[in-house]
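Heads up: the structure comes next, in structure tokens.
Numbering of ligands and ligand atoms starts at 1, following listing order. All values derive from a computational prediction rather than experimental measurement. Numbers for residues simply follow the sequence, beginning at 1.
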Amino acid sequence: MADASILWFRRDLRLGDNPALAGALAGATHLVPLYIHSPTEDHPWSPGAASRWWLHHSLAALDRRLTGLGSRLILAQGEDSLQVLQKVIAATGARRVHWNRLHEPTSVARDRHIEQALRSSGSECFGTNGNLLFEPGEILTAQKGPYRVFSAYWRRAIAQLPPTPIIPIPSQLPPLPPELTGLDLSTLRLQPRIRWDTGLADAWTPGEEGAWRAARDFLDRRLVQYVEGRDRPDHRGTSRLSPHLHFGEISPRQLLGALLERGIDLDREPAASFLRELGWREFAHHLLAFFPQTPETPLDRRFAAFPWCHDDGTRLHAWQQGRTGIPLVDAGLRELWTTGWMHNRVRMVAASFLTKNLRLPWQLGARWFWDTLVDADLANNTLGWQWVAGCGADAAPFFRIFNPIRQGERFDPSGDYVRRWCPELARLPDTYIHRPWMAPRELLSQADLELGRDYPRPIVDLTTSRAAALAAWSAIKDAGAG
Ligand SMILES: Cc1cc2nc3c(=O)[nH]c(=O)nc-3n(C[C@H](O)[C@H](O)[C@H](O)COP(=O)(O)OP(=O)(O)OC[C@H]3O[C@@H](n4cnc5c(N)ncnc54)[C@H](O)[C@@H]3O)c2cc1C
């Protein structure tokens, strides 16, 4: 019987630097590159609409790459990945299953169960690290506990940065076992039924090639200005690699390798700053593994009693639609809706506005991001929201409430970002672009803008809502932290 291996692709949708692929190739006469679509296993964090869109295109891209090397992606779907794997094993006689590990709590539990079941029926399973520089548990305090402060975590991690042996893309792949068929991609129904996705298609090229195009563009043209540029939503100053990293179309090891290949010193700016952002991604996965309740529950237990505002849905809806009357917040939410991505600085401002000025629970914002971000990532999204809300590990203190006017004036000084996403404000002069409600009436009319008709008045007053948030914080701050 042929010696077949199964390569179970999950969020490692690439051929380069893929340790599971390298393992599966060793000694295999046949290879089954398999993707199982089983969103219910991720419940309550099944992929949102924007993530499904990305996945569709990324799977198509992966299939093209595999086909170019003499193979093909076998697609399957079901509520139980174990059953699918067992069927494929029965159909192909494969004795080994290889995958790169995931770190979300539900994935960890599922994989453990699958491994036990397959081992007991005589298959071998191999899990490898394909998506992180350091897996949870590798970077621990002197007491062997989890770090809760990023700077200390990263100091230790960076001192142990792994060498970067990048695994090359194989030049050819073993054939599929005979007569093995899979589903057509369209049967997974990842594409939206109502076509709202043209903005996504204009903004992104999912897949390994798209990831490398974005990486090269960033490393060769933008990295040099990253330290100043990364906070400017009006410029393309960041890598925009987050969805590619989330889906494993490129690995952080490859990025490290690409920096070194260009002779860039990792200890100095701008590489140190870029690496530190990758470090936040590592830290987020570390936290999620040690505090698996945090996607729903604040790490700081005082926040369980936080007096959130009651909302009949109107304020949340205005925030989601980018109609709060606060230009920087609205521009961010509209960018998100159109492109599936929002600049990090604006994510912080929009999240602060939701949790502090509107005083709505951070979980509502996290859910919206989950559905609309192409880079929606349980670890990063949880960390981001808890950080801004002030209730996570190493979070910004609650009393740090972003002032969206000042943030706009500082990071979008000529209002280009706001004008791009809120064109109804385009003719306002720079002085009022971040606070149109303060503009004199004649200026508004010269700008052809009637507040309340063309663009909303602010749905909350920034000063009084800030004071109310601080009062709410005082009510819980003296209880024991978690
Ligand atoms: C409220 C909130 C929610 C967020 N939700 C997500 C999310 O669901 N998915 C996601 O990938 N990021 C999330 N982030 C983090 C950050 O905004 C994005 O990673 C970043 O904007 C992606 O753009 P980039 O690839 O151009 O980043 P770059 O600045 O080029 O950074 C390079 C990479 O580092 C990682 N990274 C950068 N910043 C962070 C960070 N603060 N935390 C964790 N990893 C980081 C990303 O993988 C990113 O691609 C969130 C931040 C906030 C404040």
Might you confirm whether atom CD of Gln225 has over 12 heavy atoms from other residues, nucleotides or ligands at distances under 6.0 Å? no

Evaluate whether atom CD of Glu79 has more than 12 neighbouring non-hydrogen atoms of other residues, nucleotides or ligands under 6.0 angstrom away. no

So is [X] in contact with ligand 1, going by heavy-atom distances below 4.0 Å?
{"X": "Phe283", "value": "no"}
{"X": "His246", "value": "no"}
{"X": "Arg230", "value": "no"}
{"X": "Trp341", "value": "yes"}

Regarding [X] and [Y], is there a side-chain donor-to-acceptor distance under 3.5 Å anywhere?
{"X": "Thr294", "Y": "Gln386", "result": "no"}
{"X": "Ser414", "Y": "Asp430", "result": "no"}
{"X": "Asn18", "Y": "Asn100", "result": "yes"}
{"X": "His103", "Y": "Glu135", "result": "yes"}

Relative to ligand 1, is [X] under 4.0 angstrom through side chain, backbone, both or neither, heavy atoms considered?
{"X": "Leu245", "value": "side chain"}
{"X": "Phe274", "value": "side chain"}
{"X": "Ala284", "value": "neither"}
{"X": "Trp370", "value": "neither"}
{"X": "Phe218", "value": "neither"}

Below 4.0 angstrom from a heavy atom of [X], which ligand 1 atoms are there? Numbered from 1 as shown, please.
{"X": "Arg281", "answer": "43 (C), 44 (N), 47 (O)"}
{"X": "Trp280", "answer": "40 (C), 42 (N), 43 (C), 44 (N)"}
{"X": "Leu241", "answer": "25 (O), 49 (O)"}
{"X": "Ala376", "answer": "8 (O)"}
{"X": "Gly384", "answer": "1 (C), 2 (C), 52 (C)"}
{"X": "Trp385", "answer": "1 (C), 3 (C)"}
{"X": "Phe369", "answer": "1 (C), 3 (C)"}
{"X": "Leu278", "answer": "33 (C), 34 (O)"}

For Thr238 and ligand 1, does the shortest N/O to N/O distance drop below 3.5 Å? yes

Just need the protein heavy atom nearest to [atom], so name the residue and atom and give the distance.
{"atom": "atom 24 (P) of ligand 1", "result": "Arg240 N, 3.5 Å"}
{"atom": "atom 46 (C) of ligand 1", "result": "Ser242 CB, 4.2 Å"}
{"atom": "atom 29 (O) of ligand 1", "result": "Tyr226 OH, 2.6 Å"}
{"atom": "atom 9 (N) of ligand 1", "result": "Asp375 O, 2.8 Å"}
{"atom": "atom 45 (C) of ligand 1", "result": "Glu277 O, 3.6 Å"}
{"atom": "atom 5 (N) of ligand 1", "result": "Asn381 OD1, 3.0 Å"}
{"atom": "atom 6 (C) of ligand 1", "result": "Arg347 NH1, 3.3 Å"}
{"atom": "atom 16 (C) of ligand 1", "result": "Asn344 OD1, 3.3 Å"}

If you measure from the Lys or Arg side-chain nitrogens to the Asp or Glu carboxylate oxygens, is any gap between Arg262 and Asp220 under 4.0 Å? yes

Kindly give the heavy-atom pair with the smallest separation between Trp370 and Leu378, and that separation in Å. CZ3-N, 3.3 Å

Taking distance alone, no hydrogens or angles, what donor-acceptor pairs closer than 3.5 Å link side-chain atoms of residues 56-64 to residues at least two apart or in another chain?
residue: His57; atom: NE2; partner: Trp53; partner atom: NE1; Å: 3.3
residue: Ser58; atom: OG; partner: Glu249; partner atom: OE2; Å: 2.5
residue: Asp63; atom: OD1; partner: Leu73; partner atom: N; Å: 2.9

Does the pair Leu358 and Phe353 meet the rule for a side-chain contact (heavy atoms from CB on, under 4.5 Å), with working shown? CA-CA 6 Å; Leu358 298 182; Phe353 182 78; 3.7 Å; yes

Specify whether Phe303 and Phe398 have parallel, tilted or perpendicular ring planes, treating 30° as the upper limit for parallel and 60° as the lower limit for perpendicular. tilted

Please work out whether the ring planes of Tyr35 and His37 are parallel, tilted or perpendicular, with thresholds of 30° and 60°. parallel

Check against salt bridge (charged side-chain N to carboxylate O under 4.0 Å, His left out), Arg347 and Asp375: CA-CA 13 Å; Arg347 290 188 205 204; Asp375 66 21; 2.8 Å; yes

Between Arg10 and Trp8, is NZ or CZ placed under 6.0 angstrom from the six-membered ring centre and within 45° of the ring axis? yes

By side chain to side chain contact (heavy atoms under 4.5 Å, CB included), which residues pair with Pro105, not counting sequence neighbours? Leu288, Pro292

Which option wins on minimum heavy-atom distance to atom 11 (O) of ligand 1: Asn380, Asp377, Thr355? Asn380

For Asp330 and Thr324, indicate whether the former's side chain and the latter's backbone hold a donor-acceptor pair under 3.5 Å. yes

